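Predicted, not measured: the structure shown is a model, and the values here were computed from it. Below, read A as the first sequence line, B as the second, and so on, with proteins coming before strands; counting in each chain starts at 1.
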Amino acid sequence: MAETDVGFWGVVIAVLGGAIRVGTPFLFVSLGECLTERSGRINLGLEGNLIMGAMAGYAVSYYSQSPWLGVAVAGGTGLLLGAIHALLCQHPRVNHIAVGIALMIFATGVAFFLGKPFIQPSAPQLPSIGLGGWSDSPVVRAALDINALFFLGLLLVPALHWFLKYARWGLMVRVAGENANAALALGYKVKQIRLLATMFGGMLASIGGAYLSLYYPGSWNEGLSSGQGLMAVALVIFARWNPIYCLWASLLFGGAAALGPSLQSIGISWGYFLFNAAPYVLTLGIMIATSSAKQTLAGMPGEFVK
Amino acid sequence: MKSKITWDSTPNLPTGSSRISRRELVKKIGAGSILAASGTLSADLLAAGKVNMGFIYVGSRDDFGYNQAHFEGKSGVTSLSWVKAVDEELVPESIEVEKTMESMIHLDGTKVLFPTSFGYFDPHILKLAPKYPDVTFLHCGGLWDSAKHPKNVGSYFGYIDEAVYLSGIVAGHMSKTGKLGYIAAIPIPQVLRNINAFTLGAQTVNSNATTNVVFTGGWAKPVQEAESANSMVDQGVDVLTCHVDSPKVVIETAEKRGVYSCGYHTNNAPLAPKGFLTGAEWNWSSVYQMYAKLIAEEAAIPNLVRGGLKEGIVKSSPYGSSVSAAAKANADAARAKLMAGGFSIFSGEIKDNKGNVVIPSGKSYAQTDIWLESMDWLVAGVIGST
């Protein structure tokens with residue numbers, strides 16, 4: 001590949017650019033799930049939120065010609081789905097894993113049904129911010145053309161970290177997640193805390209979905225999500241329920257997803273099925289590396305240990 | 001029961017004949033004679049009942065891709081007043097498709113089924129066909145084998161590589177870097193044949209043209225497709241095309257990155273108003289109308305139907321605004337040769353991209369040659385491996 005001007009650097013740039021492009025939905029879903037799980041609930045339905053958000057965001061952007069209104073409505077569907085999950089789960093002996101799976105299938109079905117008319121039309125897309133103006137290389141400029149939602153996600157990371165660590169409400173969320181009985185003894189309304197945490201988490205996941213349909217890859221169809229919502233849930237576990245680790249993990253996953261295509265486009269064509277599987281191999285690898293028969297994972301909310 | 005049928009302007013159509021050979025049939029589609037008779041069936045037939053057809057798609061019927069192409073074909077027959085057609089989309093290649101077929105047979109009274117996805121054939125169609133001997137199962141993909149398969153099953157397919165070859169010629173003209181990009185799902189013969197035809201077309205105008213190939217590993221992987229498109233543009237590729245279920249993401253990403261694109265399956269021009277060059281499209285409505293007429297006149301239905309540009313089963317999308325006059329002239333000249341017949345895309349000497357001679361000089365494979373349907377190599381100039 002001597003004749004290419006970018007050559008192998010292309011792979012590096014593609015992986016770094018891909019980390020941001022592909023990683024952004026992981027970031028939103030994992031931050032949302034992080035908050036929900038810290039309150040003591042697991043919402044496996046976020047894959048459904050993601051797809052619902054993608055559909056709703058695209059449809060609203062198409063009708064209103066305003067992609068930001070699309071993001072807002074997508075967030076709204078996430079609040080609603082989160083509320084359904086929380087309200088169902090607050091009844092005694094309701095299994096939150098089962099409810100999550102049911103909601104995932106429900107939301108996916110509704111999104112496919114309502115999304116039928118929006119597969120063909122092209123909706124206005126979210127704007128991006130070009131940070132590559134300093135470079136003469138169109139390749140670098142394209143990689144640094146970063147979507148505004150990514151910056152929003154980037155701001156959320158320290159905000160959520162601070163919230164969970166120092167804010168009074170954040171501490172209430174954590175108490176609810178560590179020991180519901182203690183929270184009740186302190187007079188906190190655990191159901192209400194979990195309701196709000198699940199709703200907010202659902203909203204973030206749906207905004208991640210809107211990113212898929214309104215920016216990258218930037219169109220709505222039934223095959224849009226290839227399990228990003230589910231992978232992000234796994235990602236929270238090895239991010240140890242820490243928002244800052246969620247950021248790194250999302251970027252790692254995004255970069256891993258970009259590896260296969262970029263290696264092939266410089267002519268390294270062996271083993272592409274293996275490289276395409278990189279994010280999943282990574283998930284398994286980290287799960288195995290961090291598992292232990294003797295102790296629970298550091299950072300796991302106490303409510304899950306029971 | 002034999003219906004009386006009167007045909008306008010079709011002197012060479014054998015009225016009431018019980019058998020039309022495949023060769024005759026293909027000739028007739030080519031001449032457009034069957035199509036010309038559209039809508040001229042007599043009232044006798046209308047009284048005798050409608051032709052009842054059922055179509056099944058694996059994806060969305062409006063995905064700008066494979067399934068939409070079949071849906072457009074179905075729309076082509078529903079426009080005929082004497083045809084009743086039902087369809088169902090998003091039917092998985094599993095026992096689901098058997099349920100769909102049976103419900104079309106029992107509830108809609110469908111007599112001819114068109115399960116269009118590759119994976120519907122074996123075992124699903126082969127399982128149901130002996131159970132319903134009075135129903136005809138026509139599968140898109142060309143897997144029917146007279147020795148092995150039931151007689152009420154047939155298959156049809158188009159030589160779309162002819163249209164892809166023309167896209168390649170236009171791409172070769174318009175590319176400034178000489179680097180073309182092909183985003184493909186998985187390395188099966190049909191896909192490899194298109195990649196090779198595209199590259200050979202481009203090399204007729206620029207002998208140094210190369211095609212970068214990325215296999216995404218699946219028919220619908222939007223994120224991988226977008227990543228592949230971006231990576232290839234980063235590597236200097238300035239014309240992109242694809243062979244995946246829905247070309248929407250690839251064509252739109254090409255437009256966003258400001259490079260040219262060639263469509264696939266359907267007319268993709270609306271997805272890239274600036275950079276769209278041309279594309280390879282299916283023209284299933286001609287095939288489905290042909291079948292509808294054979295059924296209406298109770299002629300025997302051929303088990304195998306194939307054809308390319310000449311037979312009207314595939315076509316090229318109209319040229320985009322940026323295509324140069326020279327590119328159009330070259331592509332049109334090649335089209336004329338393909339339409340005239342006798343011209344072969346795969347004629348020697350052709351080397352694969354590992355340096356082996358796969359078609360020696362002087363040897364030429366006609367489009368219909370079955371050898372081409374087991375293609376497992378990529379021509380020299382393709383960067384990638386199967």
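- Using a 4.5 Å cut-off between heavy atoms, A:Ile268 makes no contact with chain B at all.
- Atom CZ of A:Phe275 has more than 12 neighbouring heavy atoms from other residues, nucleotides or ligands inside a 6.0 Å radius.
- For A:Tyr63, the OH atom is loosely surrounded, since the number of other residues' heavy atoms within 6.0 Å does not exceed 12.
- Applying the 6.0 Å contact sphere to CZ of A:Phe112 captures more than 12 heavy atoms from other residues, nucleotides or ligands.
- The shortest side-chain heavy-atom distance between A:Lys116 and B:Asp62 falls under the 4.5 Å cut-off.
- Neither the backbone nor the side chain of B:Lys221 comes within contact range of chain A, judged by heavy atoms closer than 4.5 Å.
- Using a 4.5 Å heavy-atom threshold, the side chains of B:Val249 and A:Ser219 count as touching.
- Contact tally against chain A (heavy-atom pairs below 4.5 Å) for B:Gly218, B:Gly258, B:Gly217: the top residue is B:Gly217.
- Distance check: A:Gln264 CD to B:Ile383 CD1 gives 12.0 Å after rounding to the nearest 0.5 Å.
- Nearest heavy atom pair, residue A:Pro261 against residue B:Val214, reads O-CG2, 3.8 Å.
- The residue among B:Ser228, B:Ala220, B:Ser385 with the most heavy atom pairs within less than 4.5 Å of chain A is B:Ser385.
- No other option in A:Ala143, A:Ala258, A:Ser225 has as many heavy-atom pairs under 4.5 Å with chain B as A:Ala258.
- When all heavy atoms of B:Arg257 and A:Pro138 are compared, the closest pair comes out as NH2-O, 4.4 Å.
- Between A:Tyr216 and B:Val223, the shortest heavy-atom contact is OH-O, 4.3 Å.
- Heavy atoms of other residues, nucleotides or ligands lying less than 6.0 angstrom from CH2 of A:Trp68 number more than 12.
- When all heavy atoms of B:Glu252 and A:Gly218 are compared, the closest pair comes out as OE1-O, 3.6 Å.
- Checked by atom type and distance alone, the side chain of B:Glu227 never pairs as donor or acceptor with a backbone atom of A:Gly18 at under 3.5 Å.
- If you measure heavy-atom distances from B:Ile186 to chain A, the contacts under 4.5 Å come from the side chain alone.
- Of the two parts of A:Ala257, only the backbone, made up of N, CA, C and O, holds a non-hydrogen atom closer than 4.5 Å to a non-hydrogen atom of chain B.
- Only the side chain of A:Glu222 has a heavy atom closer than 4.5 Å to any heavy atom of chain B.
- Distance check: B:Glu89 CD to A:Ile119 CD1 gives 7.0 Å after rounding to the nearest 0.5 Å.
- Around the OH atom of B:Tyr319, the shell of radius 6.0 Å holds more than 12 heavy atoms that belong to other residues, nucleotides or ligands.
- Taken from CG in B:Asp234 to OG in A:Ser137, the straight-line distance is 8.0 Å, to the nearest 0.5 Å.
- Proximity to chain B is limited to the backbone of A:Pro121, based on heavy atoms less than 4.5 angstrom apart.
- For B:Val233, no part lies under 4.5 angstrom from a heavy atom of chain A.
- A:Gln120 and B:Phe64 get closest at one heavy-atom pair: O-CE1, 3.4 Å.
- At a 4.5 Å heavy-atom cutoff, the contact between B:Thr216 and chain A is made by backbone atoms alone.
- A distance of 8.5 Å separates OG in A:Ser262 from CD in B:Gln235, rounded to the nearest 0.5 Å.
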